[in-house]
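For reference, the structure discussed in these notes is given below.
Numbers here simply count residues along the sequence, with the first being 1.
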Amino acid sequence: MEIIERRSVPEQMLPGRFMQKLVGKKEDGYLSDSRILNIGYCRYCAEAGPMEPHMHAEETVQVLASDRAWVRFGPDKDDLPHKVMLQPNMTLHIPAGEWHVFEYAEGGSLEILFIYGAQVQL
């Protein structure tokens with residue numbers, strides 16, 4: 001068993017967010033090796049810049065903190081008609097392939113825990 005304390009996980013700046021990589025492929029920079037999971041924390045704020053809409057494997061997101069933040073989602077990168085304001089303790093279950101983007105009002109921010117399945121080659 002590996003015990004990971006968040007304060008010991010380095011924070012990386014990625015386009016639109018700061019990420020702490022907990023569990024996933026070590027060659028991808030994750031602290032604890034897994035071939036089936038990706039787990040980490042993301043922090044969205046003005047310092048990281050805007051995030052681009054994206055989609056990937058099925059994902060679960062736990063909202064840890066939200067200051068005037070929301071998620072937009074829909075069937076295509078340029079078609080995100082649904083918008084939901086985010087509150088702490090909300091859980092989002094995002095289907096595989098659904099386009100989504102996290103955003104916030106000026107001066108706002110968002111902090112999440114993410115969990116999604118890794119692409120496994122058999």
Side-chain angles (χ1 to χ4, degrees):
M1 177 183 300
E2 290 186 61
I3 308 296
I4 302 169
E5 292 188 31
R6 184 176 181 186
R7 67 176 178 249
S8 68
V9 181
E11 192 173 67
Q12 302 176 354
M13 185 170 177
L14 298 175
R17 65 204 176 278
F18 290 94
M19 182 183 285
Q20 291 175 287
K21 295 180 173 183
L22 301 175
V23 177
K25 293 180 184 174
K26 281 213 173 190
E27 62 262 26
D28 291 340
Y30 286 85
L31 206 59
S32 184
D33 197 42
S34 175
R35 298 289 176 211
I36 62 170
L37 290 174
N38 290 303
I39 302 172
Y41 296 102
C42 283
R43 185 169 56 89
Y44 305 86
C45 59
E47 186 181 354
M51 178 184 209
E52 286 291 316
H54 67 286
M55 60 88 167
H56 46 71
E58 179 179 4
E59 179 179 27
T60 298
V61 168
Q62 180 68 41
V63 177
L64 303 175
S66 179
D67 177 10
R68 296 167 283 152
W70 59 85
V71 63
R72 287 191 304 123
F73 57 99
D76 188 83
K77 180 179 182 175
D78 298 317
D79 184 14
L80 305 173
H82 308 288
K83 179 179 176 180
V84 175
M85 296 302 294
L86 298 173
Q87 300 296 322
N89 299 315
M90 284 179 138
T91 302
L92 314 177
H93 185 207
I94 303 165
E98 182 173 76
W99 286 88
H100 57 284
V101 63
F102 297 107
E103 299 171 318
Y104 43 87
E106 187 174 336
S109 62
L110 176 67
E111 188 176 335
I112 66 166
L113 170 73
F114 67 85
I115 303 169
Y116 65 90
Q119 298 287 11
V120 178
Q121 301 271 332
L122 300 178

Are [X] and [Y] packed together at the side-chain level, in the sense that at least one heavy-atom pair is separated by less than 4.5 angstrom?
X	Y	value
Y41	V9	no
E58	H93	yes
I94	Y116	no

Checklist entry - Taking the six-membered ring for Trp, are H100 and H56 parallel (under 30°), tilted (30 to 60°) or perpendicular (over 60°)? => result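 Perpendicular.
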Might you point out which heavy atoms bring [X] and [Y] nearest each other, and give the distance in Å?
X	Y	value
M13	E47	CE-O, 3.3 Å
V84	F73	CG2-CE2, 3.9 Å
D67	G107	OD2-O, 3.7 Å
P75	W99	O-CD1, 3.5 Å
S109	A69	O-CB, 3.5 Å
W70	A105	CZ3-N, 3.4 Å

Looking at [atom1] of [X] and [atom2] of [Y], how far apart are the two atoms once the value is rounded to the nearest 0.5 Å?
X	Y	atom1	atom2	value
N38	M19	CG	CE	8.5 Å
L22	I115	CG	CD1	9.5 Å
D28	D33	CG	CG	9.5 Å

[X] with [Y], same ILVMFWY side-chain cluster at under 4.5 Å:
X	Y	value
V23	I112	no
V63	M51	yes
M90	Y44	yes
L110	F114	yes
F18	Y30	no

Next on the checklist: Consider side-chain hydrogen bond (donor to acceptor under 3.5 Å, both in side chains). Of E111, Q20, E11, which one does R43 pass it with?
Outcome noted: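 Running side-chain hydrogen bond (donor to acceptor under 3.5 Å, both in side chains) over E111, Q20, E11 with R43 returns exactly one hit, E11.
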Checklist entry - Between the side chains of Q87 and S66, does any donor sit under 3.5 Å from an acceptor? => result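 There is no such pair between these side chains.
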Checklist entry - Does the side chain to side chain contact (heavy atoms under 4.5 Å, CB included) test come out yes or no for V71 and V61, once each step is laid out? => result CA-CA 11 Å; V71 63; V61 168; over 6 Å; no
Checklist entry - Among R17, R72, K77, which one satisfies salt bridge (charged side-chain N to carboxylate O under 4.0 Å, His left out) with E52? => result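 Checked R17, R72, K77 against E52; only one passes salt bridge (charged side-chain N to carboxylate O under 4.0 Å, His left out): K77.
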Do [Y] and [X] meet the salt-bridge criterion of a basic N to acidic O distance under 4.0 Å?
X	Y	value
E27	K21	no
E2	K26	no
R68	E106	no

Checklist entry - More than 12 foreign heavy atoms under 6.0 Å from CG of D76: is that the case here? => result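 Check passes, neighbour count above 12.
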